[in-house]
Amino acid sequence: MYKKRGLLIVLSGPSGVGKGTVRKELFTQPDTNYEYSVSMTTRSPREGEVDGTDYFFKTREDFESLIEQNKLLEYAEYVGNYYGTPLDYVNETLDAGRDVFLEIEVVGAAQVRAIAPDGLFIFLAPPSLSALEDRLVGRGTETSEVIQSRVLKAREELEMMNLYDYVVENDEVQNACDRINAIVTAEHCRRERVEKRYTQMLEGDY
Ligand code: 5GP
C-alpha cells in the first residue's frame, strides 16, 4: 500500500543569523503546514521557556544515554551544551505523511545531509553578506582591517553554504518566512519528488 512520506526541512545557518526568530515566526503563522521537531538540549531553560515546547531539557547523563541508544537523528555540542534531534519523532511524523521542520546549527545539519540527502536544506544567510559587497565597492567608509575581517567571516559563511539547496537572506523576518514557505511549496512540486511518488504508487497495491 502506497504511503506518502513527509518532507524533511532543515533550516540552518551561521550562529547569530536569527534562525530561532525566523522559526518562531513561521510557527505563529496559522497556515504553516509542517511540524516543528522540538530538540533536546542540556542547556538550562531561559526565562519563559517551557519543557516540551521550546526544548526537552535533559541532563548531560540522560543526553549521553540517548546518544548511546541511537535515539538521535543528529546531535552537536554548541557552546558547552549538547543539542540534538529526536529520531523517533522525526521518523513517525514523516511516516505519517507530514513535513518536519528542524532548526539546527550547521554541524548537525551536515550530519542530517549525510543521512537524509533527500531532505530540503535551507541556509539562512545574514544580510551582511550582501551588504558586504556594497562596502567593498563603497566609498571607503570602513577601515581596511574591518573590511578584511568581514571578508574572512563571509568566506567562512559562503563555505558553509555548500551543503544547502537554497539560501535565504534574513533581511527581514517576514521576508525570510515568505521565502521559506515558497521554497517548501516549490520543493513539493519538484519533478523528482512527484515522479518518485507516482512510481511508488504504481508499483504498490494501492
Ligand atoms: P539556543 O541555545 O540559542 O536555543 O540554540 C543554540 C543553537 O543550537 C542554535 O544555533 C540552534 O539552531 C541550535 N540547535 C537547536 N536545536 C538543535 C538541535 O536539535 N541540533 C543541533 N545540531 N542544533 C540545534
Side-chain angles (χ1 to χ4, degrees), residues 1-13 17 19-20 22-40 52-53 55-56 66-76 83-125 158-170 173-206:
M1 174 86 170
Y2 169 72
K3 260 179 90 188
K4 180 174 168 269
R5 198 168 149 86
L7 178 64
L8 180 61
I9 306 158
V10 180
L11 180 71
S12 192
V17 74
K19 298 185 290 290
V22 168
R23 184 258 302 168
K24 281 186 191 126
E25 180 56 31
L26 275 172
F27 284 91
T28 57
Q29 296 173 2
D31 52 349
T32 295
N33 217 2
Y34 24 86
E35 314 289 325
Y36 175 55
S37 163
V38 177
S39 295
M40 318 253 180
T53 303
Y55 281 104
F56 294 105
L66 290 168
I67 298 173
E68 274 165 32
Q69 295 170 65
N70 288 322
K71 291 279 185 196
L72 300 173
L73 170 67
E74 60 73 36
Y75 70 93
Y83 293 82
T85 302
L87 180 62
D88 289 348
Y89 172 81
V90 170
N91 275 336
E92 284 160 17
T93 311
L94 292 175
D95 284 346
R98 293 197 302 276
D99 297 348
V100 175
F101 188 96
L102 310 184
E103 178 250 299
I104 60 179
E105 52 69 67
V106 288
V107 175
Q111 293 171 35
V112 182
R113 176 108 235 187
I115 304 162
D118 61 343
L120 168 58
F121 293 80
I122 305 174
F123 186 85
L124 194 66
L158 281 171
E159 278 165 14
M160 283 183 204
M161 260 185 215
N162 270 331
L163 290 172
Y164 297 79
D165 304 306
Y166 293 90
V167 177
V168 167
E169 189 183 320
N170 190 16
V173 174
Q174 192 52 54
N175 286 345
C177 291
D178 291 347
R179 292 184 199 119
I180 291 168
N181 282 325
I183 290 167
V184 173
T185 304
E187 196 65 19
H188 275 290
C189 304
R190 188 185 276 281
R191 197 228 340 122
E192 293 92 324
R193 291 191 192 279
V194 176
E195 203 173 52
K196 195 169 150 206
R197 227 168 59 216
Y198 279 102
T199 313
Q200 282 175 3
M201 196 169 71
L202 291 172
E203 282 167 359
D205 55 332
Y206 55 94

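Starting from 1, each residue takes its place in the sequence as its number.
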Inset, instruction - Kindly give the heavy-atom pair with the smallest separation between G84 and P86, and that separation in Å. - result: O-CD, 3.8 Å
Inset, instruction - Kindly confirm or rule out a cation-pi arrangement of R23 over Y36, judged by NZ or CZ under 6.0 Å from the six-membered ring centre and within 45° of its axis? - result: yes
Inset, instruction - Report the distance from atom OH of Y75 to atom CE of M40, rounding to the nearest 0.5 Å. - result: 14.0 Å
Inset, instruction - Look at the side chain of S39 and the backbone N and O of Y55, then say whether any donor-acceptor pair between them is shorter than 3.5 Å. - result: no
Inset, instruction - For R179 and V168, indicate whether the former's side chain and the latter's backbone hold a donor-acceptor pair under 3.5 Å. - result: no
Inset, instruction - To the nearest 0.5 angstrom, please state how far the CG atom of L72 sits from the CD atom of Q111. - result: 9.5 Å
Legend entry - Side chain E105, main chain G108, donor-acceptor under 3.5 Å: yes
Legend entry - Y34 atom OH, over 12 foreign heavy atoms within 6.0 Å: yes
Inset, instruction - Please name the pair of heavy atoms, one in L87 and one in L73, separated by the smallest distance, quoted to 0.1 Å. - result: CB-N, 3.7 Å
Legend entry - Minimal non-hydrogen separation, R193 against G119, with atom names: NH2-O, 3.7 Å
Inset, instruction - Would you check if the side chain of N170 reaches a backbone N or O of V17 as a donor-acceptor pair within less than 3.5 Å? - result: yes
Legend entry - Pairwise distance OH(Y166) to CD(E187) - rounded to 0.5 angstrom: 4.5 Å
Legend entry - Closest approach of D118 to L7 (non-hydrogen atoms, all atoms of both residues): O-CD1, 4.3 Å
Inset, instruction - Determine whether D95 and R5 make a side-chain contact, defined as any pair of heavy atoms from C-beta on separated by less than 4.5 Å. - result: yes
Legend entry - Under 3.5 Å: donor-acceptor pair, side chain of T32, backbone of L26: yes
Inset, instruction - Working to the nearest 0.5 Å, report the span between CZ of F121 and CG of L163. - result: 8.5 Å
Legend entry - Distance-minimising heavy-atom pair for A125 and V167: CB-CG1, 3.8 Å
Legend entry - Minimum heavy-atom distance between S37 and V90, given as atom pair plus value: OG-CG2, 4.0 Å
Legend entry - Residue pair I180, F101: steps toward the side chain to side chain contact (heavy atoms under 4.5 Å, CB included) verdict: CA-CA 11 Å; I180 291 168; F101 188 96; 4.3 Å; yes
Legend entry - N/O donor-acceptor pair under 3.5 Å between K19 side chain and G13 backbone: yes
Legend entry - Interatomic spacing from CG in L120 to CG in D165 - rounded to 0.5 Å: 6.0 Å
Inset, instruction - Please tell me if the side chains of Y164 and V106 come closer than 4.5 Å, counting only heavy atoms from C-beta onward. - result: yes
Inset, instruction - First locate atom CG of N181, then atom CG of N33, and finally report the distance between them rounded to the nearest 0.5 Å. - result: 9.5 Å
Legend entry - Exam field: side chain E25 to backbone Q174, donor-acceptor pair closer than 3.5 Å: no
